[in-house]
Amino acid sequence: MRSIKSLKDITLPIPENAYPSPYDWRDEIIYSLIVDRFSDGNEKERPLYDPEKHKNNALKDDGGAKWAAEGLKWQGGTFKGIKSKLDYLRKLGITALWLSPVFRQRKITAENEKYGEVNFHGYSIQNFLDTDPHFGTKEELRDLVKSAHKKGIRIILDIVHNHTGNNWYYKGYESPELLGESPDFRLEEREFGGWRSERHDGQIKDEEDGVWPVEFQNPDWYWRKGSIKNWDTYPDFIEGDFFVSKSLKHANPEVLDALIKIYRYWMWYTDCDGFRIDAAKHVGIDASTKFCNAIREYAELIGKKNFLLMGEVAGSEDLAKQFLANATEAGLSAILDINGPPRSLEKVIKGFEHPFSLYTYYTAKSNLPLASHREIGKYHVSILDDHDQVWRYPEEGKARFSADNPFWQQTVLATGFQMCSLGIPAIYYGTEQNFDGKGGKPHFDRWIRECMFGGEFGAMRTKGVHFFNENNPTYKQISKLCEIRKKEPALRYGRQYFRKISWDGRNFVWPGAKQVIAWSRILAGEEIIAAINTNAEESMTFCINIEKDLHAADSVWEALFSNCSEEDRQDKFISEQHEGYASVKITLSPCSMIIIKRKS
């Protein structure tokens, strides 16, 4: 297909058979991946990872210097590679794939690599109307979407509407040595220098120079005020550049109209099912709402009546609530829970923190004005690991949940919490294989963006081995949890109540750190109970409060899921009623989870 150079060349006919939206996104289980790091489709040419043979094999020759350097370079994942792994994902239980941005990035030259410009992740767009050749063609992307749909898997594209890549420079920053540098934010506009090209002459002469489509070659379409320094303070976080990526001036209606037309085009061309909207916070609520309204209207026109608009609102919990409030006013469909919740989930599951730090995110106070034990699940996408980890403080570096963790079962427990709690669950690639990436500056994002397919920057500090192991115990148990969520409406739509526990069957208290966390999901009188032993060393026998009015005395309950040891395993439970309360008695092994339901 010929390259589109101008928005004037785009027409958007109404497709005859658009793939329908889900009735409710809580029915879906999302899997997020970085296209460059997931699969190149050639795994049959490489051995499957064996921890006894392969772990740390990339460190043997030079201590890992080459491996670490490769973490900043393109590794070779493709659309065709993802297509080859659809069955792996379907068996895991995935119903929606969130792809990292697929659009054309700046061409990487020796200078780019020398001066630290990294763009394999896809967030530094040079051409909004083409896919990056590292990944494949537009036609191959469209074929991936079509193939996924045939297997019942939806596709969510990660889009960037806040900024373009580092496609031009400020006056005084034209030197290649300053490629990774930018002036600090100030209130006054700075002078435009020129467009980036390999010739360093500031001119656009071909499609690899500057930025495309041609409409974006207008310096007045950018704020031109330097890089953000105060990430939660207006006007810095709205009008400042995203590091060296250049912020677009959304206050100009022509800019917003152009972005709307671009992403309507990708909806039409690919038949995708939703957008994950990058850096929504930095666009601002007003511009974000206008953009989302326009995208939603087009989605409805072409027959996608529940097109997902999933927003990234990083940093401020209060600002996230404001964006969440707009979900009721045709803004975002949902926000990613990327601030406090994953941090608390990790610490509670590992026994490092009191459960109240996690419980608080499920209260009315945390979700106004969408406060409901049930409805707030529509508006939250829950995560454990992710590609950014904005919730970790910079001095901590970046680390996956399984980093330095001898208890692999805890990954299952944390994912189990996602599957049984309010929200739309999202699994980050490699979590199901216990990826353990960890590292600090510089470019510390690389450590949590490992290769799954066996490139030079393989997970577990490897090279040349792949990780698509369907017999991995973590993969198998997460697959079972996904299956249970799909079968049980109460786990998707039910009201959620955290439960007190009792050690003697009479005195019920809220649990502390390294104890059992338990909760109920209730839908139209049906109650499902989930409980997790966050103690990695001790078994625990306890009673859980249940709804007395819903269950007869001596009701029989059965386990839908249990990863207890054989010694502690139970498959049937009998509830007891006492004056004023009812309970079920359970034993959980260290690092184990159970899900129970009353037999009909």
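Values below: every heavy atom of this structure, side chains too, minus hydrogens, waters and symmetry copies.
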Self-check item: Test salt bridge (Lys or Arg N to Asp or Glu O under 4.0 Å) applied to Glu470 - qualifying residues, sequence neighbours left out
Solution: Lys91
Self-check item: Non-neighbouring partners of Phe135 that pass ring-ring contact (aromatic ring centres under 6.0 Å, His included), sequence neighbours left out
Solution: Trp74, Phe79
Quiz item: Who passes side-chain contact (heavy atoms from CB on, under 4.5 Å) against Thr431, sequence neighbours left out?
Solution: Leu384, Asp385, Arg400, Thr411, Thr415, Ile427, Tyr428
Quiz item: Would you say the ring centroid of Tyr88 lies under 6.0 angstrom from that of Phe467?
Solution: no
Quiz item: Are the side chain of Arg521 and the backbone of Cys420 linked by a donor-acceptor contact shorter than 3.5 Å?
Solution: yes
Practice problem: Just grab all the salt bridge (Lys or Arg N to Asp or Glu O under 4.0 Å) pairs involving residues 14-25, residues at least two apart or on different chains. | Solution: Asp24-Arg26
Exercise. In plain terms, say whether Asp436 and Lys438 are close enough for a salt bridge, that is, a side-chain N and a carboxylate O under 4.0 Å apart.
Key: no
Quiz item: Among pairs that include at least one residue of residues 239-248, which meet salt bridge (Lys or Arg N to Asp or Glu O under 4.0 Å), considering only residues two or more places apart or in two chains?
Solution: Lys225-Glu239
Self-check item: Qualifying residues under ring-ring contact (aromatic ring centres under 6.0 Å, His included), relative to Phe275, sequence neighbours excluded
Solution: Tyr263, Phe307
Practice problem: Mind checking salt bridge (Lys or Arg N to Asp or Glu O under 4.0 Å) for Lys249 and listing every partner two or more places apart, or none if nothing turns up? | Solution: Glu189
Quiz item: Looking at residues at least two apart in the chain, or sitting in another chain, which of them share a ring-ring contact (aromatic ring centres under 6.0 Å, His included) with Phe417?
Solution: Tyr362, Trp519
Quiz item: Are Lys281 and Glu312 side-chain neighbours, meaning at least one heavy-atom pair lies under 4.5 Å?
Solution: no
Quiz item: Partners of Asp130 by salt bridge (Lys or Arg N to Asp or Glu O under 4.0 Å), sequence neighbours excluded?
Solution: Arg104
Self-check item: Residues which pass salt bridge (Lys or Arg N to Asp or Glu O under 4.0 Å) with Glu254, listed by chain and number, not counting sequence neighbours
Solution: none
Practice problem: Output all residues satisfying ring-ring contact (aromatic ring centres under 6.0 Å, His included) with Phe242, sequence neighbours left out; order by chain, then residue number. | Solution: His163, Trp231, His282
Quiz prompt | Set of residues satisfying side-chain contact (heavy atoms from CB on, under 4.5 Å) with respect to Leu301, sequence neighbours excluded | solution = Ile14, Tyr298
Quiz item: Do other residues, nucleotides or ligands put more than 12 heavy atoms under 6.0 Å from Asp87 CG?
Solution: yes
